[in-house]
Number of protein chains: 2
Amino acid sequence: MENFKEFIIEGRDAFVPCLSLDCVIFGFHSGQLKILLLKMRYDELWALPGGFVYKDEDVDAAAARILRERTGIKDIFLQQLHVFGDPNRSDSKRNKNILEKDGFENGQGDWLTERFITVGYYALVDFSKVELAIDYSSEICEWQDLTSIPSLIMDHSCILKTALERLRKEINYQPIGLNLLPAKFTMPELQSLYEAILGKKLDRRNFQRRMLGYGLVNRLTETRKGGAHKAPYLYTFNNEKYKQALEEGLQGGW
Amino acid sequence: MENFKEFIIEGRDAFVPCLSLDCVIFGFHSGQLKILLLKMRYDELWALPGGFVYKDEDVDAAAARILRERTGIKDIFLQQLHVFGDPNRSDSKRNKNILEKDGFENGQGDWLTERFITVGYYALVDFSKVELAIDYSSEICEWQDLTSIPSLIMDHSCILKTALERLRKEINYQPIGLNLLPAKFTMPELQSLYEAILGKKLDRRNFQRRMLGYGLVNRLTETRKGGAHKAPYLYTFNNEKYKQALEEGLQGGW
DNA sequence: TCAAAAGTGTTTTCTTTACACCCATGG
DNA sequence: CCATGGGTGTAAAGAAAACACTTTTGA
């Protein structure tokens, strides 16, 4: 399916009917939490990256495939968020309009105007590793600041809101950062990530004590030079302990 | 759809294709956590109560309907659990066998042998209010002890396991009990519910202090008489505070 | 040399845990 | 009258929060 026409014609038989996936992809750059959004053709609305499940494909695997196609990243932190199943969540009129504008007739794309149930996912990715790719249904694919999200199609704002709430909740019980930060990072950077997610300031000293206490990060002898002021140490995550913590959970809230 | 034949014939057009719902329904009785299971016809396997989503129906509303039909309870605590989307999770052979044994031919029930994606839900209900109803695809509907669950069809054991893990996790952040206990209950009963969910013993005194500290329960002047030994006080939940706690969350783990 | 950011430790407060005694009831 | 379960409080340990000074660096 290399182009939109193929997608429309073959999609009816290739995909599980009435089911879509939408992904809230979080990234972190220069102290800001970002979200990957697509600008839709024919109007001013944006959308979460999404797609469909092939008839023989695992649902979670489909979400991973969609993310990979879009960001180029293979090992991605990806979690189911919620099923959005309101019968009125789809915008049939809008979809019909797009199909007409693209010259589809005789109900070729009718499968797309059905009521769709979507599985929302959320993903955490290393901003610096992402290579964005646009596809046939969008004209722009870019990172948007969490603090200035444009209008989104259908119920995508709701999905985004749910994802952010989930992330803010999970940060209390799960280690966060391995997937959002580059391999080497400083403690202030990690703290700034936490502050961006939580939307509030944290105490530098208590933050560091807690992080070191978890034993999830290793301090390197290197420091991050080049900034004005004292050079902070670089850290890496301890992958084994991180994985373990993902399974067993952490404790204590922020 | 009052009988199985109608269900098979009309189901194809009435339901969202390839999508099912399955519910893990928890109840609590005489110190034991129970789960509602259905005995399937034609073999020794049991199943979680489940169903399908009408084409015009909200997914969560469908889950509530299925629970209502099965237990007679209207206001139910019901939460999405997870989407189970392995393409091999369905057991097409088994379903075909059942259709054949029931005398369906010419592919009348073929829609049922497709690959299905299921949305797992979990529900907490007041054991004493439930009035069980069997349906056309099962011969027995009954509460089973969590400690002695029989073999289940397809991936239902996995769904059950996920639900129990979720419940054990949520008990740390959410109030639990309003939906599982009768209107009036004693503190030892509430504690016994927590112990059944967590699978471990808790300290009587610390448990009570914490529960009272949350302010979610009101002590009545009544006591539960009739038991041997000292009569324990009865409590009720404070519905407003309980709802509030459900939204805002509690803190502290068990 | 100084402003701004980073490193480090201690005190206080609160939360959680552990633990023991008295009371009421039915058998 | 006594065995059993239910009610209550307190002391100790551990976790979280508050807080100040010193070090490094580039401008």
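Only heavy atoms go into these numbers, but all of them, side chains included; no hydrogens, no water, no symmetry mates. What you see is a predicted model; the values in this text were computed from it and never measured. Within every chain, numbering begins at 1; the chains are lettered A, B, ... in the order of the sequence lines, protein sequences first and strands thereafter.
In this structure, CG of A:Leu212 is placed 11 Å from C1' of C:dT8, rounded to the nearest angstrom. Summarising the geometry, the separation between CZ on B:Phe207 and C1' on D:dG6 is reported as 14 Å, rounded to the nearest angstrom. If you take CG of B:Asn172 and C1' of C:dT15, they are 15 Å apart, rounded to a whole angstrom. Rounded to whole angstrom, the span from the CG atom of A:Leu190 across to the P atom of C:dA6 amounts to 13 Å. Taking atom CZ of residue B:Arg209 and atom P of nucleotide C:dC14, one finds them 16 Å apart after rounding to whole Å. Between B:Leu202 atom CG and C:dT16 atom C1' there is a gap of 13 Å when expressed in whole angstrom units. Rounded to an integer number of Å, the gap from A:Gln208 CD to C:dT10 C1' is 16 Å. Distance NZ (B:Lys201) to P (C:dC19): 17 Å, rounded to an integer number of Å.
For the side chain to side chain contact (heavy atoms under 4.5 Å, CB included) with A:Ile73, the lone residue among A:Asn179, A:Val125, A:Leu78 that qualifies is A:Val125. Each of B:Asp22, B:Asp86, B:Asp155 was compared with B:Thr118 under the side chain to side chain donor-acceptor pair (under 3.5 Å) criterion, and only B:Asp22 meets it. Considering B:Arg219, B:Met211, B:Glu222 in turn, B:Arg219 is the only one that fulfils the side chain to side chain contact (heavy atoms under 4.5 Å, CB included) rule with B:Tyr235.
Residue B:Pro188 has its side chain nearest to D:dG6 when only D:dA17, C:dT17, D:dG6 are considered. Of the candidates C:dA20, D:dG7, C:dA6, the closest approach to any side-chain atom of B:Arg205 belongs to C:dA20.
You won't find any donor-acceptor pair under 3.5 Å spanning the side chain of B:Arg204 and the base of D:dG5, going by distance alone. The base of D:dT25 lies outside donor-acceptor range of the side chain of A:Arg224, with no N or O pair under 3.5 Å. With hydrogens and angles ignored, no donor-acceptor pair closer than 3.5 Å exists between the side chain of A:His229 and the base of C:dA5.
Classified by interplanar angle (parallel below 30°, tilted 30° to 60°, perpendicular above 60°), the ring pair B:Phe127/B:His29 is parallel.
Look at A:Arg219 and you'll find a side-chain N or O under 4.0 angstrom from OP1 or OP2 of C:dT8.
The two atoms that bring B:Leu152 and B:Ala47 nearest to each other are CD2-N, 4.3 Å, heavy atoms only.
Each of B:Asn206 and A:Lys230 was matched to the nucleotide of DNA chain D holding its nearest heavy atom; the match closer to the 5' end belongs to B:Asn206.
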